[in-house]
J.: 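Structure in structure tokens, see below.
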Amino acid sequence: MVRQLSLHEAVNDGLKLEMERDPTVFIMGEDIALYGGAFFATHGLLEKFGPERVRDTPISEAAFTGIAFGAAITGLRPVVDLMFADFIGLAMDQILNQIAQTRYIFGGQVKVPLTIRASIGAGVSAAAHHSQCLYSMFAHTPGLKVVVPSTPYDAKGLLISAIRDDNPVIFLEHKSLGVSETYRLPTAGRQPVPEEAYTIPLGVADIKREGKDVTVVAVSLMVHKALEAAEKLVQEGISLEVIDPRTLVPLDKEAILKSVRKTRRLIIMDEDRERCGFASEVAALVADEAFFELEAPIKRIATPNIPIPFSPILESTIIPSTQSLIRTVREVVGK
Amino acid sequence: MSSFSLPEEKLIGLYEKMVLIRVYEEKIGEIFAAGKLPGFVHLYIGEEAIAVGVCANLKKSDYISSTHRAHGHCIAKDCDMKKMTAELYGKATGCCKGKGGSMHLAELEVGVLGASAVVGASVPWAVGAALSARIRNTDQVAVAFFGDGAINQGVVQECFNIAAVWKLPVIFVVENNLYATSLPTRPTKIQSQYSCSIEDLSKRALGYDIPGLTVDGMDVLAVYKAAEEAVQRAREKLGPTLIECKTYRYRGHFEGDPLMYRSKEELERWLVKDPILNFKKKLMEAGVLTEKEAEDISSKAKKIVEEAVQFAEESPDPLPKDAFKDIFVEDFY
């Protein structure tokens with residue numbers, strides 16, 4: 001019987017295995033030691049590895065991300081917990097100007113084996129400063145790999161790859177996937193996750209559902225909304241192919257293009273903001289490479305460029321929904 | 001045996017290094033004025049005693065982080081001056097292959113973690129290297145060099161706190177050259193606006209319960225002694241120290257700075273305290289150095305600098321395709 005783990009439990013498992021395997025791996029962030037992390041992803045690690053390698057930091061994001069960089073270029077493999085991606089603002093200089101760019105600036109002298117974990121996403125009325133995705137901004141920055149897992153199985157394999165990677169990796173965990181037992185999306189719950197360490201290479205997309213009529217490129221939690229829509233659309237005789245890129249940098253362009261060449265229709269479902277966002281990037285890619293193979297305009301379903309509101313009714317109004325995808329699918333297939 | 005507590009060889013070493021930095025920076029100023037360097041440069045002239053006095057206490061395996069005014073730190077920590085100069089020229093042979101330039105010098109081989117052009121940004125790197133030394137269980141220490149401008153950055157204050165809480169082997173060296181670009185640390189006759197509410201920046205250490213001391217940054221022996229104690233404390237795992245070195249940059253913030261924010265009289269007052277001339281005088285009075293030996297030291301420095309400049313000028317430019325390399329470890333961007 002294989003264990004069933006949630007996304008954050010799978011992350012915990014990956015962290016534990018890598019810390020056991022490699023003494024240079026250590027973790028730090030706010031409330032990660034005794035408390036076990038805001039989403040309990042670091043639960044039990046202090047007990048197992050001690051305070052030297054499981055370090056609670058003061059609330060000083062700029063300093064501890066910069067400190068992680070200093071540790072990474074001097075022989076360690078830090079995993080930093082930024083708690084919420086929204087807190088990036090406090091660490092922006094270190095991430096944008098230093099961590100991301102310094103290998104290049106120094107002519108390749110340094111390797112930066114640094115993983116920054118953070119939670120993303122709306123859906124729990126956490127309001128404007130605990131709900132954003134922001135991965136498009138990271139993907140826009142040169143020098144960062146960006147990983148956005150949608151399932152517990154993927155999260156563990158991708159996290160182990162991220163920790164072993166010699167580049168800075170931003171690893172973003174959707175908070176609604178962590179509390180999946182209370183979430184109503186049918187595919188987003190616990191999932192069998194093997195005990196042993198395994199890796200999923202960064203830059204390889206996964207076809208979460210095969211189909212023939214419309215390609216839906218969906219990120220993180222949106223994968224599950226796309227799968228829900230795909231199930232509902234079966235009754236209408238419409239078949240969706242759901243592609244999960246899993247990593248935005250590097251991006252598996254071939255997997256997306258291959259799918260679009262088969263279905264001839266593309267919708268990108270992206271919880272980050274629409275303007276200059278990841279959905280736009282994929283749309284531009286397909287317009288450049290496969291325009292004449294398309295039978296319908298490319299559609300983006302993303303969050304409008306407004307702050308995430310608190311009230312559940314306001315929040316659910318702006319976050320891409322299964323229903324909005326279904327409507328858009330009907331539009332592109334002409335039904 | 002002289003009246004100094006340091007062996008003569010060490011004293012001469014301090015003098016040589018300061019002269020080397022001075023000669024180098026004067027040469028770079030000259031080359032820059034001749035239009036041979038891209039970008040801009042920030043010279044360390046006047047502040048030599050700090051880098052030299054601190055780095056003389058470090059081993060090759062110890063770390064330093066630096067700033068936009070990096071040349072002096074790099075020379076003091078024994079960077080390859082040919083590669084460093086080639087970097088200032090943006091050449092392929094530069095320490096950063098021409099991708100960083102004067103404000104981003106780095107040479108990990110000799111423990112120079114690198115310089116950042118964002119004020120204060122490299123301070124956490126030194127703290128991180130100190131944490132790394134702790135976790136790897138080595139006796140390495142790290143020095144963060146930064147200025148009076150950087151001490152007002154949040155990230156620097158955060159670093160003081162974390163280093164204090166974790167008792168990390170790091171030495172914070174604030175080079176108070178009295179001006180954050182144009183803003184004085186304290187009011188002057190010319191400027192009523194200023195950056196710091198205290199005279200001695202070492203007082204900031206009080207808030208973190210770490211030792212803080214202010215020394216004459218124009219006196220290499222005073223700097224040496226303060227750093228010696230701080231390095232020893234760090235190696236004994238007793239935690240960080242904040243050392244403020246009062247100093248003055250003779251030149252502008254950058255070469256070409258119109259300098260309308262400070263007076264000529266002020267500069268003249270500091271020129272009298274020149275770290276090299278005064279140390280030379282002391283060494284000669286003590287019979288440690290003769291005029292002839294001092295001349296030889298200057299000639300030797302000039303030769304090293306000439307060779308570095310020649311190497312840089314004769315070096316090839318990077319290839320255009322090199323712009324696309326070194327972003328990730330793998331070959332993509």
J.: What's the separation between atom OG in B/Ser132 and atom CZ in A/Phe26, rounded to the nearest 0.5 Å?
T.: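 That separation rounds to 7.5 Å.
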J.: Answer with side chain, backbone, both or neither: which region of A/Thr57 has an atom nearer than 4.5 Å to a non-hydrogen atom of chain B?
T.: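 For A/Thr57, backbone and side chain are both near chain B.
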J.: Once you round to the nearest 0.5 Å, how far does CD of A/Gln109 lie from CG of B/Leu113?
T.: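 Atom-to-atom, A/Gln109:CD and B/Leu113:CG are 10.5 Å apart.
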J.: Hey, could you give me the CG/CD distance between B/Asn137 and A/Glu52, rounded to the nearest 0.5 Å?
T.: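 One gets 8.5 Å once the value is rounded to the nearest 0.5 Å.
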J.: Measuring heavy-atom distances to chain B, does A/Leu144 have an atom under 4.5 Å in its side chain, in its backbone, in both, or in neither?
T.: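 For A/Leu144, backbone heavy atoms alone lie under 4.5 Å from chain B.
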J.: Answer yes or no: is there a side-chain heavy-atom contact under 4.5 Å between A/Phe106 and B/His104?
T.: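 Yes, side chains in contact.
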J.: With a cut-off of 6.0 Å (strictly less than), are more than 12 heavy atoms of other residues, nucleotides or ligands near CG of B/Asp139?
T.: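 More than 12 within 6.0 Å, yes.
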J.: A side-chain contact here means heavy atoms from C-beta on lying under 4.5 Å apart; do B/Gln140 and A/Thr74 qualify?
T.: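 Side-chain contact under 4.5 Å: no.
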J.: Given a strict heavy-atom distance threshold of 4.5 Å, which part of A/Val249 is in contact with chain B: side chain, backbone, both, or neither?
T.: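 For A/Val249, side-chain heavy atoms alone lie under 4.5 Å from chain B.
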J.: As an exercise: rank B/Phe332, B/Phe328, B/Tyr333 by heavy-atom pairs under 4.5 Å with chain A and give me the winner.
T.: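 Maximum pair count with chain A is reached by B/Phe328.
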J.: Is any side-chain heavy atom of B/Ile162 less than 4.5 Å from a side-chain heavy atom of A/Pro58?
T.: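 They are in contact (side-chain heavy atoms under 4.5 Å apart), so the answer is yes.
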J.: Using a 6.0 Å cut-off, check whether atom CG of B/Leu206 has over 12 heavy atoms from anything other than its own residue.
T.: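 More than 12 heavy atoms, drawn from other residues, nucleotides or ligands, come within 6.0 Å of this atom.
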J.: Taking atom CG as the centre, does B/Leu319 end up with more than 12 heavy-atom neighbours from other residues, nucleotides or ligands that are less than 6.0 angstrom away?
T.: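 Yes.
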J.: For A/Gln101, is it the side chain, the backbone, both or neither that has a heavy atom under 4.5 Å from a heavy atom of chain B?
T.: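 Neither part, no heavy atoms under 4.5 Å.
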J.: Count the heavy-atom pairs under 4.5 Å between each of B/Val127, B/Val155, B/Val123, B/Ile327 and chain A, then report the option with the highest count.
T.: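 The candidate making the most pairs under 4.5 Å is B/Ile327.
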J.: Mark yes when over 12 heavy atoms from residues, nucleotides or ligands other than A/Asp288 sit less than 6.0 Å from its CG; otherwise mark no.
T.: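 Result for CG/A/Asp288: enclosed.
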J.: Please report the shortest heavy-atom distance between B/Val329 and A/Asn167, naming the atom on each side.
T.: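 Heavy atoms of B/Val329 and A/Asn167 come nearest at N-OD1, 2.7 Å.
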J.: Within the distance-only criterion (no hydrogens, no angle test), does the side chain of A/Gln98 pair as donor or acceptor with the backbone N or O of B/Ala121 below 3.5 angstrom?
T.: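 No.
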J.: What are the two closest heavy atoms between A/Ala63 and B/Pro124, and how far apart are they?
T.: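 That would be O-CB, 3.7 Å.
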J.: Are any of the side-chain heavy atoms of B/Ile135 and A/Arg55 separated by less than 4.5 Å?
T.: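 With C-beta onward as the side chain, the pair touches.
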J.: Would you call B/Trp125 and A/Gln94 a side-chain contact if the rule is heavy atoms closer than 4.5 Å?
T.: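 Answer yes - side chains close enough.
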J.: Does atom CD (B/Glu330) have a neighbourhood of more than 12 heavy atoms from anything else shown, all under 6.0 Å?
T.: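 Enclosed.
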J.: Counting only non-hydrogen atoms closer than 4.5 Å, does B/Ala115 touch chain A with its backbone (N, CA, C, O), its side chain (CB onward), both, or neither?
T.: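 When you check distances to chain A, only backbone atoms of B/Ala115 fall under 4.5 Å.
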J.: Is the count of non-hydrogen atoms from other residues, nucleotides or ligands lying under 6.0 Å from B/Phe311 atom CZ greater than 12?
T.: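 Yes, the 6.0 Å shell around CZ holds more than 12 heavy atoms from other groups.
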J.: What distance do A/Ile105 atom CD1 and B/Cys96 atom SG have between them, rounded to the nearest 0.5 Å?
T.: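 Answer for the CD1-SG pair, A/Ile105 versus B/Cys96, is 8.5 Å.
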J.: For B/Lys77, does the NZ atom have more than 12 heavy-atom neighbours from other residues, nucleotides or ligands under 6.0 Å away?
T.: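 Counting neighbours around NZ of B/Lys77, more than 12 heavy atoms of other residues, nucleotides or ligands fall under 6.0 Å, so yes.
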J.: Using non-hydrogen atoms and a 4.5 Å limit, figure out which bit of A/Asp166 sits close to chain B: side chain, backbone, both or neither.
T.: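 When you check distances to chain B, atoms from both the backbone and side chain of A/Asp166 fall under 4.5 Å.
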J.: Which bit of B/Ala323 is near chain A, if near means a heavy-atom gap under 4.5 Å: side chain, backbone, both or neither?
T.: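 Contact with chain A: backbone and side chain both.
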J.: Specify which of A/Ala68, A/Pro168, A/Gly143 makes the most heavy-atom pairs with chain B at under 4.5 Å.
T.: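 Option with the greatest count: A/Gly143.
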J.: With a 4.5 angstrom heavy-atom cut-off, is it the side chain or the backbone of A/Pro250 that approaches chain B, or both, or neither?
T.: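 Answer is both: backbone and side chain atoms of A/Pro250 are under 4.5 Å from chain B.
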